[in-house]
Amino acid sequence: MTIYSFVLLINYMSGMMLHDFHVSVTKLEHDTESQALEISQRIFIDDLEQALTRFDTDHAYNISTTEDFTELNPLIGAYMLEHFVISVNEKQVTLDYLGSKVEGDVLICFIEVPKVKKLKSLSVKNTVLFELFADQINLVHVKTPEGNKSLKLDTKQPVDQLVY
């Protein structure tokens, strides 16, 4: 991905409610001091509302007007944990959904994987919004002491792996 494309993507993620493309951006950082993987995933609110309505057909959701996420966070967490799976060092790990916050037209979801001492390999499966959009792209940016790497996941390749 060129720097120009990345700048355009950030501009879209931060300022436009209506969009012609479908993308989420996940930042994953291995914090060696706390021995945890700290994850934040940015998803367009209007897209996530559609996914949640399909996930829980009993309700329609309006995240942008929600002030208290106490009731909504368990549903968002359930959706995220069903569609976002990580394996560390060839073993699937349990993800802790910590919560979310609204930033403009994007919802940022916070997830953590505790007790990750050393990162030898990382496999990421991210099918968030794939049930809605055939052109959905889920970018995953991984930051470790060894350096930064990125994955581009889509409906044709929903899983990829990094080896350190």
Side-chain angles (χ1 to χ4, degrees), residues 1 6 9-10 13 21-59 61 63 69-103 106-164:
M1 175 182 280
F6 183 73
L9 177 64
I10 295 302
M13 290 291 293
F21 62 95
H22 302 101
V23 66
S24 77
V25 178
T26 302
K27 292 181 185 176
L28 191 151
E29 183 171 351
H30 183 216
D31 185 333
T32 53
E33 276 189 40
S34 66
Q35 296 184 348
L37 293 178
E38 299 169 348
I39 304 161
S40 63
Q41 186 163 9
R42 301 171 69 89
I43 306 169
F44 282 114
I45 289 173
D46 59 331
D47 294 342
L48 185 58
E49 288 171 345
Q50 288 182 53
L52 292 177
T53 300
R54 184 180 254 191
F55 189 68
D56 176 16
T57 57
D58 294 337
H59 298 91
Y61 298 95
I63 294 171
F69 279 81
T70 305
E71 291 183 28
L72 195 53
N73 263 328
L75 177 66
I76 295 170
Y79 175 81
M80 293 299 295
L81 298 180
E82 183 172 307
H83 292 277
F84 188 72
V85 178
I86 294 178
S87 294
V88 174
N89 304 333
E90 306 292 330
K91 295 179 185 169
Q92 188 171 329
V93 294
T94 301
L95 304 176
D96 294 335
Y97 184 79
L98 304 177
S100 58
K101 75 173 185 176
V102 173
E103 189 174 278
V106 172
L107 185 75
I108 305 172
C109 299
F110 300 99
I111 301 169
E112 183 179 65
V113 179
K115 301 178 184 176
V116 179
K117 294 178 184 179
K118 184 148 177 78
L119 194 59
K120 296 175 187 172
S121 68
L122 177 72
S123 176
V124 179
K125 177 180 180 182
N126 189 347
T127 60
V128 168
L129 304 177
F130 283 5
E131 73 278 15
L132 294 176
F133 308 112
D135 64 341
Q136 177 71 31
I137 296 172
N138 294 326
L139 300 174
V140 180
H141 303 297
V142 181
K143 181 179 179 183
T144 67
E146 290 79 26
N148 302 332
K149 296 183 179 184
S150 295
L151 303 171
K152 178 185 165 226
L153 306 175
D154 57 30
T155 55
K156 294 177 186 166
Q157 183 179 355
V159 180
D160 204 354
Q161 182 176 24
L162 298 171
V163 177
Y164 296 94

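In what follows, residues are counted from 1 in the order of the sequence shown. Remember, it's a predicted structure, so these values are computed and weren't measured experimentally.
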Thr32 side chain to Gln35 backbone, donor-acceptor under 3.5 Å: no
CG-CG distance between Leu151 and Leu139, expressed to the nearest 0.5 angstrom: 9.5 Å
Distance, nearest 0.5 Å, that separates CE of Met80 from CD of Gln41: 3.5 Å
Approximate separation, where rounding is to 0.5 Å, of Lys143 NZ and Asp31 CG: 10.0 Å
Main-chain N/O of Asn138 paired with Asn126 side-chain donor or acceptor, under 3.5 Å: no
Steps toward side-chain contact (heavy atoms from CB on, under 4.5 Å) verdict (Leu52, Ile63): CA-CA 10 Å; Leu52 292 177; Ile63 294 171; 3.9 Å; yes
Considering all heavy atoms, the nearest Leu107-Ile45 contact: N-CG1, 3.6 Å
Reported CD1-to-CD1 distance for the pair Ile108 and Ile39, which is rounded to 0.5 angstrom: 14.5 Å
Residue pair Thr144 / Asn148: nearest heavy atoms and the distance that separates them: N-OD1, 4.2 Å
From OG (Ser121) to NZ (Lys91), nearest 0.5 Å: 10.5 Å
4.5 Å side-chain heavy-atom contact, Leu28 and Leu122: yes
Asp96 (side chain) donor-acceptor with Val113 (main chain) under 3.5 angstrom: no
Closest heavy-atom pair and its distance - Ser150, His141: OG-ND1, 2.7 Å
Closest non-hydrogen atom pair, Ala51 against Leu132: N-CD1, 3.4 Å
Contact summary for Phe110 and Ser100, nearest pair of heavy atoms: CD1-CA, 4.1 Å
Shortest non-hydrogen contact between Val124 and Phe84, atoms and distance: CG1-CE1, 3.9 Å
Among Gln50, His83, Gln136, His22, the one residue meeting side chain to side chain contact (heavy atoms under 4.5 Å, CB included) with Leu129: Gln136
Lys27 atom NZ: more than 12 heavy-atom contacts under 6.0 Å: no
side-chain contact (heavy atoms from CB on, under 4.5 Å) evaluation trace for His30 with Glu146: CA-CA 10 Å; His30 183 216; Glu146 290 79 26; 5.6 Å; no
Steps toward side-chain contact (heavy atoms from CB on, under 4.5 Å) verdict (Asp56, Tyr79): CA-CA 9 Å; Asp56 176 16; Tyr79 175 81; over 6 Å; no
Backbone N/O of Gly99 and side chain of Asn73: donor-acceptor pair under 3.5 Å: no
N/O donor to acceptor pairs below 3.5 angstrom from side-chain atoms of residues 156-164, sequence neighbours left out:
unit_1: Gln157; atom_1: NE2; unit_2: Asp160; atom_2: OD2; d: 3.4
unit_1: Gln161; atom_1: NE2; unit_2: Glu90; atom_2: OE2; d: 3.0

Nearest-0.5 Å distance that lies between atom CD1 in Ile86 and atom CG in Leu37: 6.0 Å
Side chains of Phe44 and Phe21 in contact at under 4.5 Å (non-hydrogen atoms): yes
Min side-chain heavy-atom separation Phe133-Thr155 under 4.5 Å: no
